[in-house]
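Working notes, structure below.
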Amino acid sequence: MDQLGDKPTSNTFDILFRRLIAAGLTRQAIQAFDDMERFTKRETDREDFVDLLDTLCKYGYAKVATEVFNGRKFKFEPDTQMYTVMIYGWCKLNRPEVAEKFFREMVDRGFEPNVVTYNVLLNGICRRTVLHPGTHFEGIIQKAENLLDEMQKRGIEPDVTSYSIVLHVYNRAHKPDLSLDKLSLMKEKGIFPTVATYTSVIKCLCSCGRLEDAEEILNEMVANGVSPSPTTFNCFFKEFQGRKHADNALKLYKKMGDLSCTPSLSTYNILVGTFSRLNKMDIVQEIWNDMKESGAGPDSDSYALLIHGLYEKRRWEESCEFVLEMIENGFLPQNITLEKLYKANTDDQDDEEDNLTLIERKEKLEEDNLTLAERKEKLEAASALDRISKTKIAAKKVTSSSLKCASKKIIKSRSKSTNLHLNSGAGKKWTTFAHNGIVLPPPYKPHGVKMLYNGEQVELTPEQEEVATMFAVMKDTEFAAKPKFIENFMNDWRVILGKEHVIKKFHLCDFTPIYDWHQNEKDKKKQLSALERKALKEEKLKEDERYMWAFVDGKKEKVGNFRVEPPGLFRGRGEHPKMGKLKRRIRPDEITINIGKGEPVPECPIPNERWKEVKHDNTVTWLAFWKNPIDPKAFKYVFLDDTSSWKGQSDKDKYEKARLLKDYILDIRANYRKDFRNKDLMKQQISVAAYLIDMLALRAGNEKDDDEADTVGCCTLKVENVSLVPQTNKLEINFLGKDSIKYENTVEVDPLVYKAIGEFKKGKNTGEELFDKLDTYKLNAHLKELMPGLTAKVFRTYNASITLDKLLNSEIMNRNVAEKVVVYNRANKEVAKLCNHQRSEPKSHGAQMLKLRDNIVKLKGVLDGLETNLHRVRKGKAPLQLDADDGKPKKNFTPEILQRKIKLTLDKIEKTERDMDLKKELKTTALGTSKTNYLDPRISVAWCKRHEVPIEKIFNKSLLAKFAWAMDVDPSFRF
DNA sequence: AGCGAGACTTGGAAAAATTTTG
DNA sequence: CAAAATTTTTCCAAGTCTCGCT
């Protein structure tokens, strides 16, 4: 550029800064700023500097901006605008406390904040509530109010923006009255509320069920000449949908037209959903036409709502027609939509072709490289196989031809290559994919503490010392006492020590010096002040920041485990044959990176080394992988976080599949019952296995290698794991499952199953498989014949979720929130028990129980005393002084008071006893696993909405983030 | 059909953070 | 306010299931 004679302008630099900063190259950006004057031959001014700070802050580098700002390396004196930018930067990072520090500094140094400064800070404080639904709103509201007060004291009037910010918080906090107060305050001060202001208040009122008040505001708004937006109306419509107020919704819809407010796409979608759920298809039709006319829609959501609505009302014919239309308009129906329809369209699936979903057929046709005419023929032949049920003959006929027609159209539109939004490549997961790679563990830092061998200090190289330390720090885990662990550790360590090394025998090793050193280090860390610790944490966060995020098709997504596992000793579960083996350090040349084509490939963090390979595979979702050094047949992957769209989508798909099973379950159960006596041994075993999986929520049970812990699942059960309890129909089941967790259960089963198991066991020795003709592949192949996509694990998801749904549906009115939460936890516990989710007994459990028992004894003592006094008072004698009393004279001890006290004490005893029982029961039960993996979050969210339980009582921060996709579920949702 | 590679979900323990208690 | 108890987060092991090959 320089050579071409063009002088770079400051504008050029602006773009350069932006690019550099966007790419995370903040140092370079600052360097460039430094160099700017030399190139532009123009003095950089204050504005350039503010721009630099602003850009840094915008991209989340508030800390760098702070350094630049505080460094005073530049000639510019701070001013209000610069401070405002800094405050903005820290607020953006969601660190209002730092922002406030800047604010105070600014005021102290005599710079007058303006309304922008205040709004930025206010927004920062209030933003918290958006990001962290669990925050205490009261505190935030108080803070915001204080800031508003301070503003006024300083003579700065809050403007519309300020009010909008606080109104938003009230909205989130469900504080309709505060919302209304603020609104009138605004009017008093002569600030004209905008559409957004009014909408905020209305939203708050609606979501709190105060529809009348909301309507009043709406009228006021119109009277004041502010035209409501579709969003304003949507607040009402959403509420009407929840309450099934068809008439009100209709009335409002008319009113909207009168006010000449054009509904938005989401208005239409809400209404379509509302009325199709209420089975008012004529109204749906009207709305649908309006929507088309207005040109706002339909989109894929509209179609999905309509199609499901029609489907639920068993109007297959129409629903198929809309599938056609949808595809024709370039929207790909969800697999689940097609599966449902297809299911309605088929009966017994004897023909293999019959089990294909429309999509599968479509793909099949695409794969076969046929001419168009040939494809058509084949498709028609396939459709002809569709079975027509006796009950649904009329609908079915049309359906078959509709589907046939749909497929034709797909082909047609394909060949014309129109604007189809279909996934062109099968299994394509992304188009663009950018990330900054992974973090390798830091190199080993030798400590030089010498261990003893045969009582003498020994020299160790850093490599040898590293492995010795790994063992030393595990001294007080139970691993360190296991012979297998020690044996494997010694074998691997000896290789590193070398043949000539003095250390030969484990029993002569004394690791205590290293252990003590390690304890000491740990203590030192504990001694750190809260401030120090915070600083350390911040530092780490800063380092990790660039690895924490990836961009998938332009969307920012959180990365999960971007840290490569550090070397260590393998800690297998149960009796794992490889426990104690050295888990090597992973070198970059073992790591394969997957990233979008053309994206900057993350640099290898170790100089002179390189990645094993860089791939651009868009059919997978991993960022990196390497071979598991402990088991070379397996891999370790780096994936996105649970909050990512990829994980969210597949989570949702999982639960939709389980819900689909609900429609099939009766048939499937009938199917396996029928085969309990099948003469074909494999079929019989499949049916019994399916029964156990369905009834007891067992896992499938894949085959395992000899070099893994010896655990089983359903298909791999050994004869000794299941015994028949004589003279009953009970089975005693006892085995080690996943993670070597013990499964123990004695259950009554179908007499035919009892008998069949007896037959399977006959003639087999201990160690042989109960289901010898079976493996998970065969089982799943069979299940797939009964329902598209069905596998063994779907039963676990299905049974867990349906159990929660049923248990939560019991009547729980007239209870306070805490009691409702107990109801939820109890249901959760039942599911955890069903899935056999266990945990090891908390260390302090025994002591805790003792304490509770102690309390009960004490309370019983008090009770005795009270009862004695009651007797005495009744007989007219003076009451005795009781231990538990406060020593005041007991003149006014009437029998009534004593009786009340007795009642209270009894309640207390009962409560403590309940606590004890609960604690005992939960001692070894883990509730978390089912919550994260098996319970459809929509059940919980909908339940919370119905019973006005804040969702934060049920889901913690990470679960809320993970289940973001489920939060807007309709309150009437049932699994 | 059977097998091994590959990819993604599920799972408990331990560490860290937060809340309660004394 | 520190210690204890409890909850949340991190870590990584251990499953399930699919796909492509023979």
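Protein chains get the first letters and strands the later ones, always in sequence-line order, with residue 1 at the start of each. From a predicted model like this one, the values you see are computed outputs, not experimental measurements.
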**Study point:** salt bridge (Lys or Arg N to Asp or Glu O under 4.0 Å) involving A/Asp680 - partner list, sequence neighbours excluded
**Key:** none
**Study point:** Test salt bridge (Lys or Arg N to Asp or Glu O under 4.0 Å) applied to A/Lys482 - qualifying residues, sequence neighbours left out
**Key:** none
Exercise for review: Tell me, please, which residues at least two apart from A/Pro629 pass side-chain contact (heavy atoms from CB on, under 4.5 Å).
Suggested key: A/Lys583, A/Arg584, A/Ile586
Point to revise | A/Tyr515: partners by ring pair (Phe, Tyr, Trp, His ring centres under 6.0 Å), with sequence neighbours left out | key: none
**Study point:** Any residue meeting side-chain hydrogen bond (donor to acceptor under 3.5 Å, both in side chains) with A/Asn780, in chain and number order, not counting sequence neighbours
**Key:** none
Study note, to complete from the structure: Taken in chain and number order and not counting sequence neighbours, the residues that satisfy ring pair (Phe, Tyr, Trp, His ring centres under 6.0 Å) with A/Tyr547 are none
Review point. For residues 633-641 of chain A, which residues have at least one heavy atom under 4.0 Å from DNA chain B?
Key: A/Lys633, A/Phe635, A/Tyr637, A/Phe639
Review point. Mind checking what makes side-chain hydrogen bond (donor to acceptor under 3.5 Å, both in side chains) contact with A/Tyr824, not counting sequence neighbours?
Key: A/Ser940
Revision key, fill the gap. Among the nucleotides B/dG2, B/dG12, C/dT9, whichever has the atom closest to the side chain of A/Asn956 is C/dT9
Point to revise | Candidate nucleotides B/dG2, B/dT10, B/dC8, ranked by approach to the side chain of A/Lys429 - the nearest | key: B/dC8
Practice item. Starting at the 5' end of nucleotides 16-22 of chain C, put B wherever the base has a protein heavy atom under 4.0 Å, S where only the sugar-phosphate does, and a dash everywhere else. Key: BBS----
Practice item. List in numerical order all residues of residues 561-582 of chain A for which some heavy atom is under 4.0 Å away from an atom belonging to DNA chain C. Key: A/Glu565, A/Pro566, A/Phe570, A/Arg571, A/Gly572, A/Arg573, A/His576
Revision key, fill the gap. For A/Ser801, the side-chain hydrogen bond (donor to acceptor under 3.5 Å, both in side chains) test, sequence neighbours excluded, returns none
Exercise for review: Quick one: list whatever passes side-chain hydrogen bond (donor to acceptor under 3.5 Å, both in side chains) with A/Tyr798, sequence neighbours left out.
Suggested key: none
